[in-house]
**Student:** 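This is the structure, below, for whatever I ask next.
Keep in mind it's a predicted model, so treat the numbers as computed, not measured. Note on naming: letters A, B, ... go to the chains in the order of the sequence lines (proteins, then strands), and numbering restarts at 1 for each one.
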2 protein chains.
Amino acid sequence: MKPLAEQIKLDFRAGEPLYMQIARQVEQMVAAGLLQVGDQLPTVRELATELRINFNTVARAYHVLDDQGLISTQRGRGTYIWEQPTEEMMQKLKQKTLEELAQRFLEESQNLGYSPEQAAEVLRQVIAASGTADMAASNIDQEM
Amino acid sequence: MKPLAEQIKLDFRAGEPLYMQIARQVEQMVAAGLLQVGDQLPTVRELATELRINFNTVARAYHVLDDQGLISTQRGRGTYIWEQPTEEMMQKLKQKTLEELAQRFLEESQNLGYSPEQAAEVLRQVIAASGTADMAASNIDQEM
DNA sequence: AAAACAAAGATACAATAATACAATCATCCA
DNA sequence: TGGATGATTGTATTATTGTATCTTTGTTTT
C-alpha cells in the first residue's frame with residue numbers, strides 16, 4: 001500500500017485546522033478498511049516531514065484519535081491502530097464488573113493478610129486523598 | 001507455578017510506564033508471597049520476549065527493584081529475589097500494595113462510570129454478602 | 001487598535017528500543 | 001587440571017518516539 005503520508009492531503013488554506021484534517025482522514029481510512037487493527041502509523045516526525053509541517057501538529061492529530069480510542073500512541077514505541085470495542089461490548093463489560101472488581105479487590109487484600117474491614121478502610125482513605133485537589137502526599141501508614 | 005511472564009500484564013495504553021508496571025507487579029507478587037527468597041526471575045531477554053517489549057525496558061524495571069534491595073541482578077548470572085525483606089519492609093510493602101490495589105479498584109470503577117462512593121458501597125455489600133452464605137447480586141445502580 | 005483566543009512551531013524532556021559491551025557460565029579438549 | 005572458546009546474562013550508550021511547555025502567529029472580538 002502506498003505510504004500513509006502520500007494519502008493524506010492537507011489544505012493549508014482551509015478553515016479546518018491541519019491537525020483536524022489529519023485526524024479526520026485517518027478516521028476515514030480506518031472506516032474504509034485501508035487501515036486495520038495493529039497497523040503502525042508513521043511516526044509523528046516522519047509524517048510531519050512528508051507533510052512539511054511541525055511534528056507537534058501531527059502529535060495533536062494523534063492525540064485526538066487516541067482520546068477517541070481509535071489508535072494507541074506509545075512513547076518510544078510508535079503509534080498503532082487500536083481495537084475499538086463496540087458500544088454493546090462496552091455495555092456488557094460494564095454490567096457485571098463492579099461487583100467483580102470489588103470481589104477481586106477483597107480477595108487480593110486478604111491474600112496480603114488484611115481483613116475486609118482493613119481493605120475497606122484503606123479504600124476510604126484513598127478516596128479521601130484523591131478527593132482533595134491539592135493533597136500533600138497522604139501517608140496512610142501511620143493512620144492505621 | 002505459572003511462569004512469571006504469564007502473570008505480568010502490561011497495559012500499553014496506560015499512563016504508567018511499562019517498566020513501572022513490571023516493577024510494581026513484581027513487588028506485589030513478593031508482598032503476596034508468590035515470589036520468595038532465592039527464586040530466579042526470568043532473564044531480561046526472556047521476559048522481554050514474552051511481553052513483546054525491548055529487554056532494556058525489563059532491565060530498567062529490574063534496576064528499580066535492585067535499588068530497593070528487593071532483588072539482586074548479577075551480570076552473567078541472572079536475577080534473584082534477594083534476602084527476605086525485614087518484617088518492617090514487608091509490612092510497608094504490603095501496605096503500599098494494598099493502597100495500590102485500592103487505587104486501581106477505584107480507577108477501574110470510575111472507568112466504568114461509577115462514583116467513588118458507589119464503589120465503596122458495593123465493596124461494603126460484597127463484604128456483607130461474603131459474611132453470609134449466599135450473596136444475591138445486589139443492584140446498587142438504582143439506589144444511588 | 002488592543003485583547004483574547006486558537007493553531008502551529010520550537011525546544012526540552014521521558015520512555016522505549018537498538019546496538020555494542022563486559023562478566024559469568026558451560027563445554028570441550030589438551 | 002586448566003585454559004580456550006562460545007553462549008548467556010546484565011550494563012552502558014546512543015538513537016528513536018511521543019509528550020509537555022512555552023513561544024509565535026494569525027484571526028477574531030471588543
**Student:** Measure from CZ on B:Phe12 to P on D:dG18 and round the result to the nearest Å.
**Tutor:**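 So the two atoms are 15 Å apart, to the nearest Å.
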
**Student:** Just checking, is any N or O donor in the side chain of A:Gln68 or A:Glu27 under 3.5 Å from an acceptor N or O on the other one?
**Tutor:**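 Short answer, yes.
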
**Student:** Could you work out which one of C:dA15, D:dT19, C:dA20 sits closest to the side chain of A:Phe55?
**Tutor:**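 Shortest atom-to-atom distance from the side chain points to D:dT19.
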
**Student:** Taking 4.0 Å as the cut-off, does a side-chain nitrogen or oxygen of A:Asn56 come that near to OP1 or OP2 on C:dA8?
**Tutor:**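 No, no such contact exists.
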
**Student:** Could you check how far CD of A:Gln40 sits from P of C:dA17, rounded to whole Å?
**Tutor:**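 These atoms are roughly 11 Å apart.
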
**Student:** Roughly, in whole Å, what's the span from CZ in B:Arg75 to C1' in C:dC21?
**Tutor:**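 Taking atom C1' of C:dC21 as the reference, CZ of B:Arg75 is at 8 Å.
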
**Student:** Out of C:dA8, D:dT17, D:dG10, which has the shortest distance to the side chain of B:Thr79?
**Tutor:**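 The nucleotide sitting nearest to the side chain is D:dG10.
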
**Student:** Check this for me, if you would: do B:Arg104 and B:Glu108 make a salt bridge, where the nitrogen-to-carboxylate-oxygen distance has to be below 4.0 angstrom?
**Tutor:**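 Yes, charged N to carboxylate O under 4.0 Å.
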
**Student:** Using a cut-off of less than 4.0 Å, is there contact between a side-chain N or O of A:Thr73 and OP1 or OP2 of D:dT17?
**Tutor:**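 A:Thr73 to D:dT17 OP1/OP2: no side-chain N or O under 4.0 Å.
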
**Student:** Determine: side-chain N/O of B:Thr57 to OP1/OP2 of C:dA15, distance under 4.0 Å, yes or no.
**Tutor:**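 Answer is no, no contact under 4.0 Å.
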
**Student:** Starting from P on C:dG9, measure out to CG on A:Leu10 and report it in whole angstrom.
**Tutor:**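 Spelled out: CG on A:Leu10 to P on C:dG9 is 10 Å.
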
**Student:** Would you say C:dA17 has OP1 or OP2 under 4.0 Å from some side-chain N or O of A:Arg77?
**Tutor:**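 Checking C:dA17 against A:Arg77, a side-chain N or O does come within under 4.0 Å of OP1 or OP2.
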
**Student:** Among C:dT16, D:dT9, C:dA7, which nucleotide has an atom closest to any side-chain atom of B:Glu46?
**Tutor:**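 Among the listed nucleotides, the one closest to the side chain of B:Glu46 is D:dT9.
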
**Student:** Is a donor-acceptor contact shorter than 3.5 angstrom present between the side chain of A:Arg60 and the base of D:dG18?
**Tutor:**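 Per atom types, no contact qualifies.
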
**Student:** Side chain of B:Leu18 only, heavy atoms from C-beta on: which candidate in C:dA14, C:dT16, C:dA17 is closest?
**Tutor:**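 Between C:dA14, C:dT16, C:dA17, the one nearest the side chain of B:Leu18 would be C:dT16.
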
**Student:** May I ask you to check whether B:Gln95 and B:Glu99 show a side-chain donor-acceptor distance below 3.5 Å?
**Tutor:**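 There is such a pair between these side chains.
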
**Student:** D:dT27 C1' sits how many Å from A:Glu16 CD, rounded?
**Tutor:**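 A:Glu16 atom CD is separated from D:dT27 atom C1' by 17 Å.
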
**Student:** Kindly point out which of D:dT9, C:dG9, C:dA15 is positioned nearest to the side chain of A:Asn54?
**Tutor:**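 Minimum distance to the A:Asn54 side chain belongs to C:dG9.
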
**Student:** Checking all strands, does A:Tyr62 fall into the base, sugar-phosphate, or nothing category for heavy-atom contacts under 4.0 angstrom?
**Tutor:**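 Contact class for A:Tyr62: none.
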
**Student:** Would you indicate which nucleotide in C:dA12, C:dG9, C:dA23 comes nearest to any side-chain atom of A:Arg45?
**Tutor:**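 Nearest to the side-chain atoms of A:Arg45, counting from C-beta on, is C:dA12.
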
**Student:** In whole angstrom, give the distance that lies between atom CG of B:Leu41 and atom P of D:dT8.
**Tutor:**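 The distance from CG of B:Leu41 to P of D:dT8 comes to 20 Å, rounded to the nearest Å.
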
